[in-house]
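Reading through the structure tokens given below for one structure.
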Amino acid sequence: MTIDLFDDNEQPHMEQIGPEAFIFYRSANHIEHIFTREIRRLLQVEPPRQMRTPSGLPMSVLSSACGSWGWQSSENGYSYTDASPISNKQWPQMPSAFKDFAAQIAAQAGFANFSPNSCLINCYSVGSKLGLHEDRDEGDFSQPIVSLSFGIPAIFLWGGPKRNDKVKRFRLCHGDVVVWGGQSRRYYHGVSQIKSGCHESWGSKRINLTLRYVERV
Ligand code: SIN
Ligand code: FE2
């Protein structure tokens, strides 16, 4: 517990984890109240739901989305849709605070003019995990990925261009942001099984926002 408290008070700092890939620790903390409010609102408009993998297995994370495109996984494969398959309405608009923050942190990582039009909202509970995968459904790989973590910590798995490349592990806490693009854009990554914990705003949940630019479906 002492260690967790210490971690949460850490100052923002940056670590390079791969070619054109960085973690900006605690960099979203100064605007966490905006993210907390907006994420709660978005999850009320489009409640997170359990998707299935193309092999038919239920995913252990619950997902929602905002922006022009929402990422989907189902028995038919992976895709981006412009409307929620649950409400049949267009995904809620991406808050400008998300876009502005992502563009600014991407620029710090060397990616000028990042303009995300898709934001996946993944909700993890204790025991949830996300297997190693590459983000490859966007139809454009010139723009980076910006991933924000809130709530209880996770171990982020960071591999290489091939599935069986050696994996490094990084602990992501509330307010941490990972940016990867360029040479790392198609690198394998994932999240190991979430351990129990308690966060003052999110209880025993972890929320991850993944902002991307999608060219087409
Ligand atoms: C993802 O790869 O889509 C999410 C990564 C994370 O939850 O940190
Ligand atoms: Fe991913």
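Bear in mind the structure is a predicted one, so any value in this text is a computation, not a measurement. Just follow the structure's listing: the first ligand is 1, and inside any ligand the first atom is 1.
With sequence neighbours excluded, the residues satisfying side-chain contact (heavy atoms from CB on, under 4.5 Å) with Asp140 are Ser142, Gln143, Tyr213, Glu215. Every residue was checked against the side-chain contact (heavy atoms from CB on, under 4.5 Å) condition with Lys195, not counting sequence neighbours, and none meets it.
Side chain to side chain, Asp176 and Ser149 fail the donor-acceptor criterion of an N or O pair below 3.5 Å.
With respect to Glu134 and Lys162, no salt bridge is recorded, no charged nitrogen being found less than 4.0 Å from a carboxylate O.
Tyr124 and Ile39 fall into different hydrophobic clusters, where Ile, Leu, Val, Met, Phe, Trp and Tyr residues are linked whenever their side-chain heavy atoms come under 4.5 Å apart, directly or through other members.
With respect to atom 1 (C) of ligand 1, the closest heavy atom belonging to the protein is Leu130 CD2, 3.5 Å.
Considering only heavy atoms from C-beta on, Glu20 stays 4.5 Å or farther from Val179 through its side chain. By the 4.5 Å heavy-atom criterion applied to side chains, Ser184 and Pro19 are counted as neighbours.
Of all atoms in ligand 1, listed by their number and element, those nearer than 4.0 Å to a heavy atom of Arg206 are 6 (C), 7 (O), 8 (O). Heavy-atom proximity to Arg212, at under 4.0 Å, picks out these atoms of ligand 1: 3 (O). Close approach of ligand 1 to Val191 is summarised as follows: ligand atoms under 4.0 Å from at least one heavy atom of the residue are 5 (C), 6 (C), 7 (O), 8 (O). Atoms of ligand 1 found under 4.0 Å from any heavy atom of His189, numbered from 1 in the order shown, are 2 (O). Taking every heavy atom of Thr210 and a limit of under 4.0 angstrom, the matching atoms of ligand 1 come to 3 (O), 4 (C).
Any N or O atom pair closer than 3.5 Å counts here, and Asp135 shares no such pair with ligand 1. For a threshold of 3.5 Å applied to N or O pairs, the pair formed by Asn208 and ligand 1 contains at least one separation below that value. Of the N or O atoms in Trp180, none lie within a sub-3.5 Å distance of an N or O in ligand 1. Residue Tyr124 places at least one N or O, backbone or side chain, under 3.5 Å from an N or O of ligand 1.
Because its NZ or CZ atom is not both nearer than 6.0 Å to the ring centre of Trp69 and within 45° of the ring axis, Arg212 does not count as a cation-pi partner of that residue. Cation-pi geometry between Arg136 and Phe141 is not met at under 6.0 angstrom from the ring centre and within 45 degrees of the axis.
For CD of Gln44, the number of neighbouring non-hydrogen atoms (other residues, nucleotides, ligands) closer than 6.0 Å is 12 at most.
Of all the heavy atoms of Lys129, none lies under 4.0 Å from any atom of ligand 1, so neither backbone nor side chain is involved. Neither the backbone nor the side chain of Glu134 comes within 4.0 Å of ligand 1, counting heavy atoms alone.
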Atom pairs and distances, side-chain donor-acceptor, residues 99-106, under 3.5 Å, sequence neighbours left out:
none

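Under the 6.0 Å cut-off for aromatic ring centres, Trp180 and Tyr187 do not qualify, their centroids lying 6.0 Å or more apart.
Around the Fe ion (ligand 2), the protein N, O or S atoms closer than 2.8 Å are His133 NE2, Asp135 OD1, His189 NE2, listed by chain and residue number.
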